[in-house]
Amino acid sequence: MKNRVVISKQGCMRVDVTIFGSSHILRNVEEEALEQLKNGACLPGVIACCGLPDIHSGYGLPIGGVMVVDAQTGVVSPGAVGVDINCGVRAASVPLRYAEVQPHAERLLRKIAAVVATGVGGKTRSEIGKVTNQQFRRLVEGGVPALMELGYATPADVECTEERGHLTPASLDNVSRRAVERGEGQIGTLGSGNHFLEIQRVSEVYDAETAKAFGLELDGVSLMIHCGSRGFGEQICRDHIQAMGKTMERYGIHPPSRNLASVPISSPEGRAYLSAMACAANFAWVNRQVILHEVRGVFKRELGVDKLDLIYDVAHNIAKFEMYDSRKVLVHRKGATRAFPAGHPDVPERYRATGQPAIIPGSMGTASFIVVGTPATMKETWGSVNHGAGRVMSRAAAVGEPRKGRPGLITEQQFRESMRGIAYMSGSGENMLDEAPAAYKNNVEVVDSLAEIGLVKKIVKVLPLAVLKG
DNA sequence: ATGTAC
């Protein structure tokens with residue numbers, strides 16, 4: 001079969017595993033990522049496990065992995081969601097032409113960096129950072145609708161966010177004090193690693209009608225924000241993996257890797273994780289919404305533009321209950337983006353005829369895509385597409401390990417050349433070599449490997465004008 | 001991803 005490989009059941013695997021990608025991508029899949037995917041196929045109640053073309057090794061399940069379990073008989077696994085719960089991307093349209101924004105790219109970038117904190121441990125610069133304990137609880141339990149009451153979101157923002165920016169049942173009672181302490185000052189912060197905020201030029205339109213429905217046209221301008229739940233989500237993930245590690249044997253669950261700690265979905269520990277995960281998911285949606293709110297302020301002050309419409313906000317590290325042929329399942333998406341096609345009842349009204357916009361960012365300096373899923377996407381990948389380009393080398397390999405006298409594979413010069421013509425800034429002051437385009441796969445090849453077999457329909461390609469890195 | 005090692 002074109003652009004996919006099937007690994008038949010073996011050992012403890014309960015289902016076959018499929019990995020999607022061009023033959024070039026498939027030839028280069030890391031052994032470790034493959035093992036991790038096969039481990040996912042061993043968990044109780046699993047009914048499908050697949051890898052997307054951005055697959056690379058992660059903690060527990062690989063990044064670019066989808067693990068589907070039966071909602072009645074299956075388990076929930078924090079390692080199959082990821083450390084950064086509801087890491088995700090939102091895209092907005094800017095009502096200006098590329099030529100009108102380009103001369104201001106540097107200045108916009110500086111102004112945005114002044115209001116959006118970046119880097120590990122970054123603390124909020126938004127007024128929202130001063131929320132009381134009670135308001136924090138309301139925000140993480142209520143998500144973007146609760147944030148709307150504070151004036152940081154519009155009804156359209158709510159409508160254009162996956163799950164309307166509000167996952168249930170979210171109770172802070174299932175969240176440790178430590179997680180709250182870490183999260184309190186981090187609403188409206190970008191974080192680090194591959195997180196970014198980017199102003200982009202629409203460089204190619206594949207489907208003008210759908211692009212128009214998304215508020216985009218050739219040589220128009222878009223904005224993308226990629227970040228997650230910061231220390232709050234990380235702490236929640238760790239807390240619950242630890243709790244599950246102690247109790248999963250009681251349920252007779254012995255995952256092939258401790259990093260895939262899991263418990264029955266309906267067990268007290270499973271319900272507690274899903275509730276805490278919902279808090280982290282809501283935190284991340286609120287986080288991205290606050291950042292968009294702050295960026296709207298910058299565009300208003302600097303260019304007199306006050307209408308940056310949210311196109312859509314997708315989660316790419318999350319577990320969700322969904323229906324497939326009247327069967328209720330829990331879909332773990334780790335570095336995988338939901339891409340429900342036209343007609344799906346969970347797609348907001350305004351996108352019911354086009355399909356939900358799915359956002360696939362590239363590495364810094366390279367193309368990102370907005371795509372839609374198809375009926376085949378529902379059947380083959382459980383409504384999922386890749387979440388980005390995917391790494392081709394570890395951060396350590398890119399930067400090198402001076403202590404061991406090992407040089408990095410990416411040079412400063414190579415990095416600068418790959419960023420020519422793009423305004424960029426690192427919030428954390430790092431050299432960003434580990435984020436260089438050459439440390440990632442070619443996003444065009446990655447997306448095309450799904451497009452060629454009808455699992456995505458490309459709508460637009462965008463190129464960076466200005467990038468704020470975490 | 002991450003107060004970059006509980």
Side-chain angles (χ1 to χ4, degrees), chain A residues 33 36 54-65 77-89 117-124 129 175-187 189-197 225-246 258-259 261 276-277 279-281 283-285 287-288 291 314-319 332-337 361 363-364 387-391 393-403 408 426-435 439-440 469-470:
Chain A
Q36 290 173 342
D54 55 344
I55 186 169
H56 57 105
S57 109
Y59 176 93
L61 203 69
I63 294 144
S77 174
V81 167
V83 173
D84 189 2
I85 297 164
N86 192 6
C87 185
V89 193
T118 52
V120 175
K123 293 287 178 192
T124 188
V175 174
S176 70
R177 182 172 186 82
R178 191 185 204 176
V180 174
E181 282 167 1
R182 290 183 64 182
E184 268 173 342
Q186 296 192 313
I187 295 177
T189 65
L190 203 57
S192 68
N194 62 357
H195 291 168
F196 70 82
L197 188 157
I225 298 166
H226 176 204
C227 61
S229 50
R230 310 288 283 101
F232 185 64
E234 191 220 356
Q235 193 61 48
I236 286 171
C237 178
R238 288 196 189 288
D239 290 341
H240 286 262
I241 284 179
Q242 196 177 19
M244 286 180 189
K246 286 178 189 159
R258 297 287 296 180
N259 297 344
M277 183 202 75
C279 288
F283 179 105
W285 277 313
N287 189 25
R288 293 194 286 274
I291 293 173
V314 296
H316 58 221
N317 279 5
I318 201 162
H332 297 68
R333 293 193 181 90
K334 179 170 182 182
T337 300
S363 58
M364 69 185 299
H387 85 308
R391 299 194 73 88
M393 63 180 82
S394 68
R395 294 184 186 282
V399 180
E401 291 171 288
R403 277 187 204 167
S426 160
S428 55
E430 302 288 331
N431 63 20
M432 293 180 279
L433 293 184
D434 54 342
E435 284 296 310
Y440 284 85
K469 285 294 290 182

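Below, read A as the first sequence line, B as the second, and so on, with proteins coming before strands; counting in each chain starts at 1.
- Taking atom CD1 of A:I241 as the reference point, atom P of B:dA5 lies 16 Å away to the nearest angstrom.
- The nearest whole Å value for the distance from the CG atom in A:D239 to the P atom in B:dT2 is 16 Å.
- Remark: P of B:dC6 and NZ of A:K246 are 15 Å apart, rounded to the nearest angstrom.
- Within 4.0 Å of A:G228, counting heavy atoms only, lies no atom of the nucleic acid at all.
- Side-chain contact, A:Y59 with A:Q36: no donor N or O sits under 3.5 Å from an acceptor N or O.
- As judged by a 4.0 angstrom heavy-atom cut-off over every strand, A:Q186 is placed among residues touching the sugar-phosphate backbone only.
- A:R238 places its CZ atom 9 Å from the P atom of B:dA5, with the value rounded to the nearest Å.
- Contacts of A:R395 with the nucleic acid, taken as non-hydrogen atoms under 4.0 Å apart, involve only primed sugar atoms and P, OP1 or OP2.
- The side chain of A:S192 places no N or O atom within less than 4.0 Å of a non-bridging phosphate oxygen (OP1 or OP2) of B:dT4.
- Distance, A:N431 CG to B:dT4 C1': 14 Å, rounded to whole Å.
- For A:Q235 and B:dC6, the CD to C1' distance is 10 Å, given to the nearest whole Å.
- For A:S229 (side chain) and A:A284 (main-chain N/O), no donor-acceptor pair under 3.5 Å exists by modelled atom type.
- With the nearest nucleotide of DNA chain B identified for both A:R178 and A:G191, A:G191 has the one nearer the 5' end.
- Here the OG-CD1 distance, from A:S57 to A:I63, works out to 7.0 Å after rounding to the nearest 0.5 Å.
- If you take NE2 of A:H226 and C1' of B:dT2, they are 14 Å apart, rounded to a whole angstrom.
- Outside the 6.0 Å centre-distance limit, the rings of A:H387 and A:H226 are not counted as a close aromatic pair.
- With respect to A:V81, the side chain to side chain contact (heavy atoms under 4.5 Å, CB included) criterion is satisfied by exactly one of A:R333, A:H332, A:K334: A:H332.
- Regarding contacts with the backbone of B:dT2, a side-chain N or O of A:R230 is found under 4.0 angstrom from either OP1 or OP2.
- Atom pair A:N259:CG and B:dA5:P shows a separation of 15 Å (rounding to whole Å applied).
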